Amino acid sequence: MTTRTAAPEAPPSATPPSGRPARIPLWANPRVGLVVLLVGLVVLFTALRPAFLDTTLTLVPLQSDISVYAVVGLAQLAVLSLGQMNMAVGRMAAMSAFATGLAYDRLGVPLIVGLIIGLAVGALLGALAGLIISRTGVNSFVVTLALDFALVGLITILYTRFTDGVAFAGQPAGMTALRNDTFADYCMGEICGPRIPLVVPLALAAALAVGLLFRYTRVGREILMTGANSRAAQLSGIPTRDRVVQAHALSGLLAGLAGFLLAANNGAFSASIGDQFLLPSFLGPVLGGTLLAGGAVSVLGTVLGATLTQVIYKGLNLLQFQLDQLKLYIGLVLLVALSLDRVRHVVAERRGARA
Amino acid sequence: MMLTAENLVKTFPGVRALDGATLRLASGSVHALLGENGAGKSTLVKILTGVYRPDGGRILLDDTELRLSGPLDAQRAGIGVVHQERNLIPAFSVAENIVLHHLPRRAGLVDRARMRTEARRCLDLLDLDLDPDRPVADLSVAQAQLVEIAKALSVDSRVLLLDEPTASLTGDEADRLYTIVRKLRDSGHAVVLVSHKLEEVFAVADTVTVLRDGRSVAEAEPLADHTQDQVVDLMVGRAYASVRLAERHVDPATEPALRLRDLSTARGHRDISLQVRPGEILGLYGLVGAGRSELAKALLGLDRITGGTVEVRGRPVRIRDVGEALRRYRIGYVPENRKEEGLFLEQPITRNIGVTVWRRLARAGLVTERAERRLVAEYTDRLGIRAASPRQLAGQLSGGNQQKVSLAKWLAARCEILIVDEPTVGIDVRTKAAFHQLIAELAESGLALLLISSDLPEIVTLADRIAVLNDFTLRGELTNDHDYGRMSQAIIRLIHAGPDGAGEERAA
Amino acid sequence: GCTRKSENDTSGATTRTADQVKIALVPGGAHPYFQPWKTAAAQARSELKLADVTFNETSGWDQTKQNDVVRSLAAQGYNAFGIFGVSPENINASFEDLKRQGFPVASLASCPAGDVNKADFCLSTDVELAAYKAAQAAVQAMGGQGNLVHLTGNKVDSNTQRRIAGVQKAVDETGGKVKLLQTVTDVDKDLQSAQKAVADLLAAKGTQIQGIVNTAYNPAVAAAEGVKQAKLPIKVIAIDDDQTILAGIRDGSVAGTVLQNPVGQATVGAYALLKLSEGCTMSQPGVVVDSGSFVVTTANVASYEADRSAKTDELRKAFDSQYLRCG
Amino acid sequence: MTTTTARPAGGGVRLRAVSRRPEFTLAVLALAGFVALAVATGGNLLSSGTLGAFFRFLAVPIVIGLAQMVVLAIGQMNLSVGTLTGLCAMVAAWLMLEAGLPAPLAILGALVVGLAAGLLNGLLVVFTRINGFIVTLATMTIFEGLRYGVNGPDTFQGYSAGLREFGSASLLGLPVVFLVALAVAGLVAVFFARAVAGRQLLATGGSPFAARLSGVSNDRSVVVAHGLSGLLAGVAAVLTVAASGSVNASIGDDLLLPSFAAPIIGGVALTGGVVSVVGTCLAAFLIRLVDVMQAQFDINRRWIDLIVGAVVLGAVLLGTVRQRLLRRTS
Ligand SMILES: Nc1ncnc2c1ncn2[C@@H]1O[C@H](COP(=O)(O)OP(=O)(O)OP(=O)(O)O)[C@@H](O)[C@H]1O
Ligand SMILES: Nc1ncnc2c1ncn2[C@@H]1O[C@H](COP(=O)(O)OP(=O)(O)OP(=O)(O)O)[C@@H](O)[C@H]1O
Ligand SMILES: [Mg+2]
Ligand SMILES: [Mg+2]
């Protein structure tokens, strides 16, 4: 048989059809921009208030706070990977902390067991949200917002039923150490550790695990692909519904961890844990360059973003602004930080176009 | 009237889409704009309609320079357009979509009566009997395409740009469109036609401009001076040679790899029986909307099967989702709509191909980028995917290369049964030929292929047997003897014969 | 092996002279109740010749933020703290932090939940007593019989629980003549929710209610306004002496209010913090001192300030003679 | 059940078309809920006092729901509606009490502040290309600071008697503020159904790319939507100031979640391109019913949160299921 077809295609040329630069220049990397901004702010705050470098009163608590909010950011990041949101991060953290507190209060379980129970509760709540979202197709914003509402009620009902007020009175052994100690308090002979709070490694481990998950594991990559194009993912054999559930479960689990870290920092498992998580949960990832559209995440960026917000907060606190100015400046600095990234982006695009 | 675009240059990040392209239009003619995928045709159309601003060059309308700062400027200058991408607001009515760019207003409010009258007028031009109040979301793909054209006509235009207007139209509908195009030409309009369907182009166009890599290699030459082959040579930039697709022989006694027995689905398919053997290509032909894609999706568990059985290698199966189809039964599906269903446009090529094989690549649960890149390199080589790097985003590739990526993921997953849905829609002649060869080679290597296509020449070229589907029922099956004239007639007859007449047409 | 450094770094109380003492007064967040602290702080600073007294309300009713604010202040050189703990349940942990660094700490206007107070002392309204007095005032205004409603704040807060108990006690004492019809909690978050809750309550049961006792600010404002608007003969007992409420007492729309003693808390608190900085110790560490509560009606609306100053003076004397051990 | 697609003319068909709309479910629910509550309270709900309170506090939720809806129409969100309402309310009170302006000028001032703040949101979104969700998150913090800055934690009270009279006045048994809210809702409905700007806004929401190719400026739509949202927040503020008689920096804190709840339950898609004024109003009505139920039966507020959460989820699920069933049968 003969058919009219063109000549077989020439062998693929090694040179690309268009000279696209293979690597983005270093300065255009959003993470680098963040680091520069961060260093600039630290220098500025230190110049204005030398107390910014006070180890015990500023740097050590700052590290603890960053740990909490980096994990909060990661909890949001876990669902931003899908292009979805978790409006109930705070409440999942609170439920998880409640579970840990209850387990200790009633069963006297050790700290680590309590933590595991708490994380499991967080993960279950996340999975529940994911399940509703994936089975009904209702927008994640709506589902988690409604869940948030329901949990606000539930948490206080539970605390009233199981405690005298809004917190568990007792604390498992080790909580105080987790709160107060730094590695400098632990010595091997003469050598003591650095002045890093004990909660930091927990947050670092979480960041590492999440980074590993999205970069190297199949499940993590498939979650990202579901976020990038859910229809194509489904047609590529990815069980997209399961991935949605898993991403939300991860979000719940990380929210639980954040709740635990906050409880450790504040010294009690209380109903107010997570009340203030929602805003920072978005700021960390977004400042770090994660879009709300899904399909791509930056764990390092999230940690840097959380660091940036905490540094801003700490610096403004040291400057002793009154409430109205404090809020005003936080909002303005955030807007500037976000816009700087945009400016960088535009410049990078111009340069790329000219290349 | 003359519309001239001179030396247009347009650069996207990393891509020079236009590099000194020139287009000259005279009123009263149909002008073909041809070129391979990525040659820059759509970019040119978008510059002429104010969607993009050129980085260099100028546009002249009768010797005065035209500065277009947005789509509205182009409309005011009398330039109407049907873009390659769909361009309708689903929730709005047909009428509102047609006149959206110049909603008739009265005291700041939309004048609905005038809107309807105006829309009616444009629909009448196309002999289209559509309720102007129907939401566009309810329309079929073809109807929506016709509404797009009506919308372009609603601009009081002297110039009409049509970027692949017939990609989703049936032959009849395309004919109707071309009748109108001729009418417009005769009344003094200038019409630009972008299409990969050269037969159609040669039937209606008077002059031709050919773009290659963003440059015009032929400028407004009379089409009558060229043969189709010459035009293809110009597009490709190289002498044209025909190739033979090797003859395939499949023993009819081989056990079918995939077999449907009296399959009915929730979508409305009734009693469909088909079979494909390893090494064989079964063509599934039908008009747009015949239910072929739906059939494929039902097979993959995306729609409910209500009756009959699916057998894979002789064993009845129940497939729940694509993952199961792939892993247990080695069935793959290359969807028709690559941008929405086949690809992850914002992801690198590596991930687009790797997505089906991570399970296999994982060591201790971890997939390394290196292993993935190695695997991807194998398939980019084998399919000749042209890309700057394996990290390039799929969305930055040309249509043909995108389609190859969409196919590569199934080859990487080592499929044995492959369903390929409209593989060459919107793909230029050269790439299309390469694709045909690739599909033939895949069959030779022992894959069982189900080729869904609305492109008659394509199906007659490739298929061993051709099943014809219309209105969700099987109208018959023909053995392909590769004689285009005879086969096409037989197929068209099958489509138009009622279901009752199907029996006698059914070939052995 | 790995050993934990022994707990020997609890800095013993360093003594400071008045011109070295910088006191920080930290409320739980922005609230009218704390506003008198500002002027009291300035006054204490000049009277006691302190290095500095600051007032910082940026905690935003969040314990985490408050901890941060307190630490920032410490980093800035503030070395004595009077704190209204956002969450009574875990404020003790924050107190301990400060104590460990050798700073004297006062729990002002609210005491930690439970029976333990890790601050040097707690100078606060006895909320149960104040609520009891308020309820008694309400009972009296109602003529000793009828139905009473209690509007208050966050239900899951130990102070709210104490207030509920106080009101219950006063109602019980009437021997059934006054019935506590309803206790509405969680209406102090913002003014509009309070207004809505009051309007709905009056709509539902307005005619059955003879008295409303408020133990939170927003509902007090809302109830005074709501009752006036609905023109119902309901006696409203409010809380604190915000201008709006005093105006209500004068025009008769509010039957009375129960005042607390924020000025006393700030001035006496600052005084005691100074003494502790100078080397005094608490004779009974963690002691809880009632800063007083006063019922104000039209009868004494002009003269209540004198009672309150008297109480403040009395408090300072009590600290000198009873709670502080100097020397 | 018949599933004919033919369309015989007549009222029956139109009735069926109406009954197929998502708003129909809500209307039935609202009516049933209202009747049930009226019966359960032994008719107390229908007494003029109760009914007055019911509708007076329905005005702000309706307007604030619409303020969110106009931004949802373009597929964005406005997290600053609540604090902006508070800011505008404080500004209005400040203008009357501290600047000594008459009420009409103060009202105008509040509306101008709302509009300006909304336009600012829109312009920031357009010029920075940052997601609207994030931009309004930041401006929410800024407005919060400003709101507090007006008068610290103290309450403004005793401003224009005329304005407060207007706030408590009734017409035909219905509070005037509620009628104002309804009128605003009507204007918004006309804006989206008929006004060219409204249609363009919906086009942007439905398909920004297609809208752009049709000559609609998406940037303008974004600015218009946010500006309108701010203006509506200003209207909500004026209604608050009029109806409540006293305002302080906590005003608006309870508005953010309801602002989403009303349009979402009302059937507005978060993806943009679809609005439902009737649905939003009905949803606000339903939520208000829950409020009143709480007061009538002295239910723990915590249970109410739980119930509202469940109702939101339930209503949305019901809507999806219903639409799916309808699609299947048609
Ligand atoms: N918005 C864009 N951003 C980046 N690159 C683009 C964009 N639009 C087009 N390109 C690139 O510009 C080149 C020309 O594209 P264009 O769409 O004009 O080709 P075409 O001739 O219309 O092809 P086809 O026949 O496939 O429609 C291609 O390489 C394409 O990838
Ligand atoms: N998502 C959908 N929802 C509702 N109806 C659909 C949907 N997709 C397709 N249809 C309808 O189903 C019918 C068959 O669809 P489809 O276009 O996939 O058939 P086909 O034979 O594969 O044609 P082609 O692939 O050439 O477009 C058409 O009438 C189409 O309008
Ligand atoms: Mg094109
Ligand atoms: Mg198809």
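Numbers restart at 1 for each chain; the letters A, B, ... are given by sequence-line order, proteins then strands. Remember, predicted model here, so these are calculated numbers, not experimental data.
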In Å and rounded to the nearest 0.5 Å, what is the [atom1] to [atom2] distance from [X] to [Y]?
X	Y	atom1	atom2	result
C/Asp68	A/Asp65	CG	CG	5.0 Å
A/Leu318	C/Arg71	CG	CZ	12.0 Å
C/Ile91	A/Ser270	CD1	OG	11.0 Å
C/Gln63	A/Ile273	CD	CD1	10.5 Å

Should [X] and [Y] count as side-chain neighbours, where that means a heavy-atom distance under 4.5 Å?
X	Y	result
A/Thr163	C/Glu89	no
C/Thr54	A/Gln320	yes
C/Lys65	A/Tyr313	yes

Heavy-atom count around [X] [atom1] within 6.0 Å, excluding the residue itself: above 12?
X	atom1	value
C/Asp19	CG	yes
C/Gln243	CD	no
C/Lys189	NZ	no

Using heavy-atom distances under 4.5 Å, tell me whether [X] contacts chain C through its side chain, its backbone, both, or neither.
X	result
A/Leu262	side chain
A/Phe321	backbone
A/Tyr69	side chain

Checklist line | Region of C/Ala113 in contact with chain A, defined by heavy-atom distances below 4.5 Å | finding: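 Neither; nothing under 4.5 Å.
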[X] and [Y]: which non-hydrogen atoms are nearest, and at how many Å?
X	Y	result
C/Gln76	A/Ala51	OE1-CB, 3.8 Å
C/Gly60	A/Gln276	O-NE2, 4.4 Å
C/Ser72	A/Asn317	OG-CB, 3.5 Å
A/Arg179	C/Ala93	NH2-O, 2.9 Å
A/Thr58	C/Ala75	OG1-CB, 3.6 Å

Of the listed A/Ala263, A/Ser272, A/Pro50, A/Ala167, the one with the largest count of heavy-atom pairs under 4.5 Å with chain C is A/Ala167
inquiry  = Heavy-atom pairs under 4.5 Å with chain C: which of A/Pro61, A/Gly267, A/Ala177 has the most?
reply    =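 With the most close heavy-atom pairs to chain C, the winner is A/Pro61.
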Testing C/Asn90, C/Asp62, C/Thr64 one by one against A/Asn266 for a side chain to side chain donor-acceptor pair (under 3.5 Å), which residue passes?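 Only one of C/Asn90, C/Asp62, C/Thr64 forms a side chain to side chain donor-acceptor pair (under 3.5 Å) with A/Asn266, namely C/Thr64.
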